[in-house]
There are 2 protein chains.
Amino acid sequence: MTDLPDSVDYGPLSESLGFLLRLSQLRAFADFFDGMAGLDVHPGELSVLLVLSANPGIRQGVLARALTIKRAHMTKMVRAMERDGLVSRTVPQDDRRAVELWLTDTGHARVAALRPAFDTQQPRETARLTPDETTTLKRLLRKHIGLKEPDTPCP
Amino acid sequence: MTDLPDSVDYGPLSESLGFLLRLSQLRAFADFFDGMAGLDVHPGELSVLLVLSANPGIRQGVLARALTIKRAHMTKMVRAMERDGLVSRTVPQDDRRAVELWLTDTGHARVAALRPAFDTQQPRETARLTPDETTTLKRLLRKHIGLKEPDTPCP
DNA sequence: CGAAGATTGTATCCCAGTAAACAAGATGCC
DNA sequence: GGCATCTTGTTTACTGGGATACAATCTTCG
C-alpha cells in the first residue's frame with residue numbers, strides 16, 4: 001500500500017470520522033494481505049470460520065447480521081465453504097426455513113491452521129500505536145458500533 | 001442499518017482491529033446515507049469535491065492517492081463529474097501526461113450546497129461517544145494511518 | 001542524442017458484494 | 001381453521017471498484 005501524500009489539504013475530511021475510518025480500514029486490509037499472504041484466505045472467509053468455531057450451530061442469518069454481511073452474499077460464501085468441505089449445513093426441525101452451520105473436521109483443521117497467522121497479525125496491525133493507544137482505540141470502536149466488551153467479568 | 005445480535009461470541013474477532021474497523025466503517029456508511037439522504041451524493045464523490053475545493057488544480061493521481069482510490073477508478077469518477085459540469089480538467093504544459101482538476105462554478109455551488117449537510121453529519125456520526133472520546137478516537141485513527149493532525153500550529 | 005526505464009492517465013476485463021424479487025415456511029389475528 | 005404478514009434463505013441481474021495491460025510522456029544515464 002502506498003503512503004498518503006502529505007502535501008494535500010484534506011479540509012473538513014480530516015475531521016470526518018467516516019473518512020478516517022475508510023482510510024483506516026483500507027490500511028488494515030493491506031496489512032491483512034501482507035501478513036496472511038500465501039494462506040489463500042480472505043478476511044470474510046476467516047471471520048466466518050472464527051465465529052463458526054465459537055458458535056457451533058449458529059443460524060446463517062444470525063451469522064450474516066453479526067458480521068454485517070448481506071444474507072444473499074452469505075449464502076454464496078457458505079455454499080462455497082460447504083463445497084470445499086469446511087462447513088456443514090443442517091435444517092433444524094423447529095424451523096424448517098432456517099439453516100444451522102457447523103464446522104466439519106476439515107473446517108476445524110483450517111481454523112487451527114489459520115489461527116497462528118491471525119494471532120501474529122494482530123500486533124502487526126497496531127504497530128503504529130502504543131499498547132495503551134491500541135487498547136483505547138479498540139474500546140472506542142467497540143463502543144461506537146455497540147459491541148459489548150469481551151472477557152470483562154462484571155462483579 | 002440493523003443492529004448486531006448480542007448473543008454471538010465474536011471470539012478473537014473482538015480483539016481484531018481490522019474487524020472492528022470494518023464494522024465501524026459500515027456503521028459510518030449507514031449514518032452517511034441516513035443523514036445525506038435526498039442529496040443524491042455518494043461518499044466518494046463528496047470526498048473528491050471537498051478535496052478539490054481545498055486543493056484547486058491538484059493532479060488526478062495525487063488526488064487518487066490521497067483518497068486511496070485507484071487511478072483507474074478515479075478516471076471514471078472524474079470523467080463523470082466532468083460530464084456533469086462539476087469539474088474541469090486541464091493538461092499542464094510542464095507535464096503533458098498529467099491532468100489538473102478544478103471545480104467549475106457549478107462545482108463550487110455543489111460544494112456550498114452539500115457543506116451544511118456534511119457538517120450536520122459529523123455530530124451524528126459520533127453520537128455514541130462523548131466529545132472527549134470522539135477527539136481521542138480521531139487522533140488515534142489519524143496516527144494509525146499516518147495522517148498529520150489538522151490545524152495544529154507547531155510553535 | 002538516444003535507448004531503457006519510470007510515471008500518468010486510460011481502456012478492458014473481471015469479481016465481490018448489493019438490490020430486488022421470489023419460494024417456502026412460520027406466526028398472528030379474526 | 002384460514003387469510004394476511006413476517007422471516008429465512010435463495011436466485012437473478014446489476015454495479016462499484018480492482019487488476020491488468022497499454023499508450024503517451026517524462027527522466028535518467030550511457
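The sequence lines fix the lettering, A, B, ..., with proteins before strands; numbering per chain opens at 1.
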Can you tell me how far C1' of D:dG17 sits from CG of B:L67, to the nearest Å? 14 Å
side-chain hydrogen bond (donor to acceptor under 3.5 Å, both in side chains) between B:Q121 and B:R124: does it pass, once the steps are laid out? CA-CA 5 Å; B:Q121 184 56 20; B:R124 191 197 318 269; 3.1 Å; yes
Are the side chains of B:R71 and B:Q60 in contact, using a 4.5 Å heavy-atom criterion? no
Steps toward side chain to side chain contact (heavy atoms under 4.5 Å, CB included) verdict (A:E45, A:R110): CA-CA 11 Å; A:E45 184 194 351; A:R110 187 94 218 270; 3.1 Å; yes
What is the distance, rounded to the nearest whole Å, between atom CD1 of A:I69 and atom P of C:dG17? 7 Å
Tell me, do A:L23 and B:R142 make a side-chain contact under 4.5 Å, heavy atoms counted? no
On DNA chain D, compare the nucleotides closest to A:R59 and A:R22; which residue's is nearer the 5' end? A:R59
Identified side-chain contact (heavy atoms from CB on, under 4.5 Å) partner of B:L114 from the options B:L50, B:D119, B:L39: B:L39
Quick one: are A:P12 and B:R115 in side-chain contact, heavy atoms under 4.5 Å? yes
Which is more 5' along DNA chain C, the nucleotide nearest A:H42 or the one nearest B:G61? Just name the residue. B:G61
What is the ring orientation for B:F33 with B:H42, classed by angle as parallel under 30°, tilted 30 to 60°, or perpendicular over 60°? perpendicular
Base versus backbone protein contacts along nucleotides 10-15 of chain D [heavy-atom cut-off under 4.0 Å; B, S, -]: BB-B--
Are there any protein N/O atoms within less than 3.5 Å of an N/O atom in nucleotides 26-28 of chain D, and if so, which ones and at what distance?
from   : atom 1 : to    : atom 2 : distance (Å)
D:dC26 : OP1    : B:R96 : N      : 2.8

Between A:L63 (CG) and D:dG9 (P), how many Å, whole number? 10 Å
D:dG18 C1' sits how many Å from B:M77 CE, rounded? 15 Å
Looking only at heavy atoms, which two atoms of A:L17 and B:K138 are closest? And how far apart? N-CE, 4.2 Å
To the nearest Å, how far apart are B:E82 CD and C:dG9 P? 13 Å
Measure the distance from CD on A:E45 to C1' on C:dA16 and round it to the nearest whole Å. 14 Å
What residues form a salt bridge (Lys or Arg N to Asp or Glu O under 4.0 Å) with A:R79, not counting sequence neighbours? none
